[in-house]
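Here's the structure, in structure tokens; my notes come after.
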Number of protein chains: 2
Amino acid sequence: MELQKNVIMQGDCIDILSRLPDRSVDLVFADPPYNLQLGGGLTRPDQSHVAGVDDDWDKFDSFDAYDLFTHQWLEECRRVLKDDGAIWVIGSYHNIFRVGAILQDQGFWIQNDVIWLKSNPMPNFKGTRFQNAHETLIWAGKSEASKCTFNYDALKVFNDDKQMRSDWMIPLCTGGERLKDEDGKKAHPTQKPESLLQRVLLATTNPGDTVLDPFSGTGTTAAAAKRLGRNYVGIERDETYIRLSRARLKAIEPIEGAVLETEKSKKSLPRVPFGALLESGWLKPGDRLFSPQRRYQARIRVDGSLTTGTISGSIHRLGAHVQQAPACNGWTYWHYEDPKRNLAPIDLLRRRYREEMGLN
Amino acid sequence: MELQKNVIMQGDCIDILSRLPDRSVDLVFADPPYNLQLGGGLTRPDQSHVAGVDDDWDKFDSFDAYDLFTHQWLEECRRVLKDDGAIWVIGSYHNIFRVGAILQDQGFWIQNDVIWLKSNPMPNFKGTRFQNAHETLIWAGKSEASKCTFNYDALKVFNDDKQMRSDWMIPLCTGGERLKDEDGKKAHPTQKPESLLQRVLLATTNPGDTVLDPFSGTGTTAAAAKRLGRNYVGIERDETYIRLSRARLKAIEPIEGAVLETEKSKKSLPRVPFGALLESGWLKPGDRLFSPQRRYQARIRVDGSLTTGTISGSIHRLGAHVQQAPACNGWTYWHYEDPKRNLAPIDLLRRRYREEMGLN
DNA sequence: TACTTGTCTGAATCCGAAG
DNA sequence: ACTTCGGATTCAGACAAGT
């Protein structure tokens with residue numbers, strides 16, 4: 001069976017999931033029912049009613065019932081995921097511990113738990129607890145062996161050149177982004193901000209990937225996916241939500257072209273063998289290379305290996321050897337001498353070579 | 001049997017716990033083994049060795065073994081707790097989901113999960129995941145019926161008259177606070193900051209209460225308890241840790257409430273990454289930014305990087321590149337165009353973002 | 001004394017493509 | 001599935017040493 005993409009499917013989550021083909025999606029994002037147990041409704045100090053989560057879909061008779069349900073939909077997601085796929089699940093303390101333990105039991109391999117810090121959370125009206133100002137997301141690979149997509153460099157640029165932390169400060173979904181029903185009331189009790197989903201998808205998918213959301217709700221995952229040039233598959237039981245999300249999706253213009261590209265890792269650049277610098281004349285056999293502060297030196301041989309006279313090997317091997325280190329990046333360790341006798345890392349020559357050859 | 005107070009007892013945690021009387025302590029704070037399952041060695045980019053947790057006490061054969069251990073010590077804690085007592089457990093994604101689920105299964109009633117945001121966490125040296133910048137604490141009453149102590153007003157004063165949130169920014173335990181062995185190395189691999197424990201005890205105990213820590217380690221819980229006029233009972237297996245913690249406790253002078261004011265949480269201006277301006281819609285992918293006098297221009301990509309078409313990078317790196325400067329503050333160098341085609345530095349948007357988010 | 005520079009370290013599931 | 005090997009990879013803060 002072929003997976004139909006860019007649709008929101010109507011029906012029971014586990015039922016629909018069971019009909020999707022094996023190993024067909026790159027990422028699952030799930031915002032399952034929270035199993036909230038709000039005894040008797042919550043009121044503000046002024047006695048007004050807080051519109052909490054009291055929908056039928058959020059009722060479970062026991063932890064066992066919730067665990068069984070969780071086990072079932074996660075197992076189906078696991079089957080549907082590609083082997084190098086990953087899953088995100090968001091939850092609160094009511095359910096996330098159970099979800100996390102079941103994920104681990106099923107063989108998913110947690111990469112990070114990520115904390116969504118709400119910049120504008122609802123106050124705790126009774127003053128009996130801390131203001132519940134965060135939710136927890138779990139990011140896990142299908143297995144320990146999964147090579148999950150992780151756009152480290154893109155997230156680092158996003159975060160002002162510092163690696164992205166596991167805590168994300170993001171505002172609640174409010175204002176114009178929040179979908180309303182005919183009465184102007186919020187259409188869904190737990191609509192997530194699209195910015196949260198955008199960050200998830202930027203971090204752990206590539207353009208053209210397929211993202212499955214088994215609890216699609218108002219279609220936030222699908223919206224973020226469409227906007228970022230990813231394919232989506234949504235499953236949702238409630239026809240009202242489906243109607244709303246389809247209208248929402250229709251209005252979204254995908255980001256296209258060069259601006260959809262993200263910062264690439266250095267590892268993804270084409271490899272330049274050291275010997276290429278010899279062939280193109282940037283360096284010559286017999287030239288001397290120096291470690292920082294000229295502590296060690298070595299000569300270049302015709303095949304692109306270095307030699308100290310007694311020991312020889314690749315720029316990396318020899319760099320590691322002279323430092324007695326387990327490993328070494330020869331490109332940044334070894335320096336050449338320019339006509340003014342200044343030292344510069346040979347990585348500079350590699351960069352120039354790449355520019356000249358259009359390899360960036 | 002009478003509970004002996006203000007002692008650190010030597011022995012196996014479950015064994016000692018089993019000999020403590022029923023309903024005798026007001027609070028349990030537990031920092032159990034995390035079951036980290038670390039792989040081989042880890043080195044920093046400068047090749048130095050990272051001292052990971054490789055102690056035997058953190059090794060378990062399987063999740064089942066860990067669950068059994070967790071179940072046992074929690075059940076004993078439950079018995080020893082007074083009916084209106086409460087428990088805190090700290091952990092990371094390696095173990096906290098299992099702990100949380102077992103707590104719920106045993107009838108504990110979660111009040112909050114609290115996130116310890118580390119202001120100075122260790123980086124992810126290999127660029128493979130998000131920087132693991134937090135740990136999770138679970139605060140739970142002995143049962144749904146427990147009337148847990150919660151010093152709402154004290155916490156509010158502590159937090160500049162705003163409700164204390166469920167995320168706490170606190171530095172790691174370093175410097176002079178970190179206990180050292182004879183060689184000057186850290187005495188314990190996972191010593192917690194005393195400020196974390198102080199906040200826990202201020203929030204959920206009263207002076208004169210008794211606090212039990214079944215994994216006492218270097219005695220941080222006991223130290224905070226003594227300082228704040230609470231009684232402590234510690235259990236620890238390792239005699240070296242016990243010796244250290246007894247010396248530590250001897251040196252502690254209990255302090256009075258008024259002095260606590262000086263312990264108020266230090267606030268720092270939260271960093272606003274450039275990407276946040278995209279997420280919140282102040283800028284959009286594809287928008288153009290200009291250098292002063294429009295000499296250069298660049299387009300914004302989805303990840304918050306800029307591109308000239310041939311070269312791309314962060315606002316800072318691309319600013320430096322076009323000016324051929326070694327460094328550049330992209331926030332003041334790059335300008336956006338308002339509807340009247342006037343240029344203003346993007347730093348202005350950052351200031352507005354801070355104001356709107358209440359981050360000043 | 002004040003400031004700069006360099007070194008060290010912290011609960012970490014920390015590489016990946018090619019052969 | 002195994003090994004080999006090229007070469008990429010870090011942030012905040014405490015402290016010491018140098019200027």
Side-chain angles (χ1 to χ4, degrees), chain A residues 84 104 108-113 140-141 144-145 147-148 150 152-153 156 159-166 264-275 304 313-320 325-334 346-347 350, chain B residues 31-55 57-60 63 90-96 116 118-136 169 171-178 180 184-186 188-193 215 217 268 271:
Chain A
D84 285 335
Q104 290 180 312
F108 286 99
W109 193 250
I110 298 180
Q111 302 283 330
N112 278 113
D113 56 339
E144 184 174 358
K147 291 188 277 287
C148 307
F150 182 53
Y152 174 80
D153 297 270
K156 189 173 174 181
N159 194 37
D160 267 23
D161 287 338
K162 306 246 185 266
Q163 63 179 207
M164 183 67 80
R165 296 171 43 117
S166 56
K264 285 180 301 209
S265 74
K266 281 197 191 171
K267 282 185 181 169
S268 69
L269 291 174
R271 198 173 81 85
V272 176
F274 180 65
S314 72
I315 53 173
H316 312 295
R317 285 307 170 111
L318 204 68
C328 168
N329 182 345
W331 290 106
T332 51
Y333 183 71
W334 293 108
I346 55 175
D347 193 39
R350 182 172 60 163
Chain B
D31 182 9
Y34 286 10
N35 190 21
L36 284 184
Q37 309 171 60
L38 302 182
L42 178 65
T43 54
R44 299 188 176 79
D46 66 4
Q47 306 292 343
S48 64
H49 172 75
V50 176
V53 178
D54 58 356
D55 305 69
W57 50 252
D58 198 48
K59 298 213 189 329
F60 292 84
F63 282 133
I90 183 168
S92 67
Y93 66 84
H94 307 85
N95 71 323
I96 198 65
W116 170 26
K118 303 178 183 182
S119 58
N120 51 350
M122 187 161 69
N124 180 298
F125 296 112
K126 305 294 188 193
T128 55
R129 301 179 176 196
F130 299 105
Q131 181 184 28
N132 197 352
H134 74 275
E135 292 187 25
T136 300
M169 179 70 81
L172 295 176
C173 177
T174 60
E177 187 188 338
R178 189 90 192 211
K180 306 293 197 299
K185 299 284 181 190
K186 60 184 176 188
H188 190 285
T190 71
Q191 186 182 342
K192 297 293 177 290
F215 307 96
S268 61
R271 218 160 44 77

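We name chains A, B, ... by the order of the sequence lines, and we start the count at 1 in each one. Atoms considered below: every heavy atom in the structure, side chains included; atoms not considered: hydrogens, waters and symmetry mates.
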Whole angstrom value for the distance that separates [atom2] of [N] from [atom1] of [X]:
| X | N | atom1 | atom2 | answer |
| --- | --- | --- | --- | --- |
| B:Arg44 | D:dA12 | CZ | C1' | 12 Å |
| B:Phe125 | D:dA12 | CZ | P | 12 Å |
| A:Asn159 | D:dC11 | CG | P | 9 Å |
| A:Tyr333 | D:dG7 | OH | C1' | 15 Å |
| A:Asn329 | D:dT10 | CG | C1' | 15 Å |
| B:Phe130 | D:dT10 | CZ | P | 15 Å |
| B:Gln47 | D:dA8 | CD | P | 13 Å |
| A:Ile315 | D:dC5 | CD1 | C1' | 12 Å |

Quick one: label [X] by what it contacts on the DNA or RNA (base, sugar-phosphate, nothing), any heavy atom closer than 4.0 Å.
| X | value |
| --- | --- |
| B:Trp57 | base |
| B:Ser119 | sugar-phosphate |
| B:Asp55 | nothing |
| B:Gly91 | nothing |
| A:Pro273 | nothing |
| A:Gly319 | nothing |
| A:Ser314 | sugar-phosphate |
| A:Cys328 | base |
| B:Gly175 | sugar-phosphate |
| B:Pro193 | nothing |
| B:Asp58 | base |
| B:Ser92 | nothing |

Would you indicate which nucleotide in D:dC11, D:dC5, D:dA8 comes nearest to any side-chain atom of A:Lys156?
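Shortest atom-to-atom distance from the side chain points to D:dC11.
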
What nucleotide among D:dT10, D:dA8, D:dG6 has an atom nearest to a side-chain atom of A:Arg350?
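So the side chain of A:Arg350 is nearest to D:dA8.
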
My understanding is that a pair needs two contacts under 3.5 Å, Watson-Crick or G-U wobble. By that rule, which nucleotide pairs with [N]?
| N | result |
| --- | --- |
| C:dG19 | D:dC2 |
| D:dA8 | none |
| C:dA2 | D:dT19 |
| C:dC14 | none |

On DNA chain C, which is the earliest and which the latest nucleotide, 5' to 3', with an atom closer than 4.0 Å to a heavy atom of chain A?
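Both ends considered, the range comes out as C:dT13 to C:dC15.
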
With syn defined as a glycosidic angle within 90° of 0 and anti as everything else, classify C:dT13.
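Base orientation: syn.
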
On DNA chain C, check which nucleotide each of B:Thr128 and B:Glu135 is closest to and give me the residue with the more 5' one.
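In this pair, the answer is B:Glu135.
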
5' priority, DNA chain C, between B:Asp31 and B:Asn124 [closest heavy atom]:
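Upstream on the strand: B:Asp31.
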
Does A:Lys266 put a side-chain nitrogen or oxygen below 4.0 Å from OP1 or OP2 of D:dT9?
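For D:dT9, OP1/OP2 do have a side-chain N/O of A:Lys266 under 4.0 Å.
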
Does A:His316 place a side-chain N or O at less than 4.0 Å from the phosphate oxygens OP1/OP2 of D:dG6?
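No, because none of the side-chain N or O atoms of A:His316 sits under 4.0 Å from OP1 or OP2 of D:dG6.
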
Can you name the side chain to side chain donor-acceptor pair (under 3.5 Å) partners of B:His94, sequence neighbours left out?
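Expected list: B:Ser92.
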
For the NZ atom on A:Lys147, are there more than 12 heavy atoms of other groups (residues, nucleotides or ligands in this structure) within a distance under 6.0 Å?
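Not more than 12 within 6.0 Å, no.
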
Side chain proximity check, [X] to [Y], heavy atoms < 4.5 angstrom:
| X | Y | answer |
| --- | --- | --- |
| A:Phe150 | B:Thr128 | no |
| B:Met122 | B:Leu172 | no |
| B:Lys126 | A:Tyr152 | no |

Working for side-chain contact (heavy atoms from CB on, under 4.5 Å), residues A:Trp334 and A:Leu318
CA-CA 10 Å; A:Trp334 293 108; A:Leu318 204 68; 4.2 Å; yes

For the residue pair B:His188 and B:Trp57, categorise the inter-ring angle as parallel (less than 30°), tilted (30 to 60°) or perpendicular (more than 60°).
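Geometry flag for B:Trp57 against B:His188: parallel rings.
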
How far, in whole Å, is [M] from [N] if one measures between their [atom1] atoms?
| N | M | atom1 | answer |
| --- | --- | --- | --- |
| C:dG10 | D:dT10 | C1' | 12 Å |
| D:dT9 | C:dG16 | C1' | 13 Å |
| D:dG6 | C:dA11 | C1' | 31 Å |

Expected output: side-chain A:Trp331 to main-chain A:Arg350 donor-acceptor under 3.5 Å:
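It does not hold such a pair.
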
Would you find a donor on one side and an acceptor on the other, under 3.5 Å apart, between the side chain of A:Gln163 and the backbone of B:Asn124?
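Pair found, side chain donor or acceptor close to backbone of B:Asn124.
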
Which residue lies more 5' along DNA chain D, comparing A:Ser265 with B:Thr174 via nearest heavy atoms
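This one resolves to A:Ser265.
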
Applying side-chain contact (heavy atoms from CB on, under 4.5 Å) to B:Trp116 and B:Lys192, what does each step give before you reach the verdict?
CA-CA 11 Å; B:Trp116 170 26; B:Lys192 297 293 177 290; 3.9 Å; yes

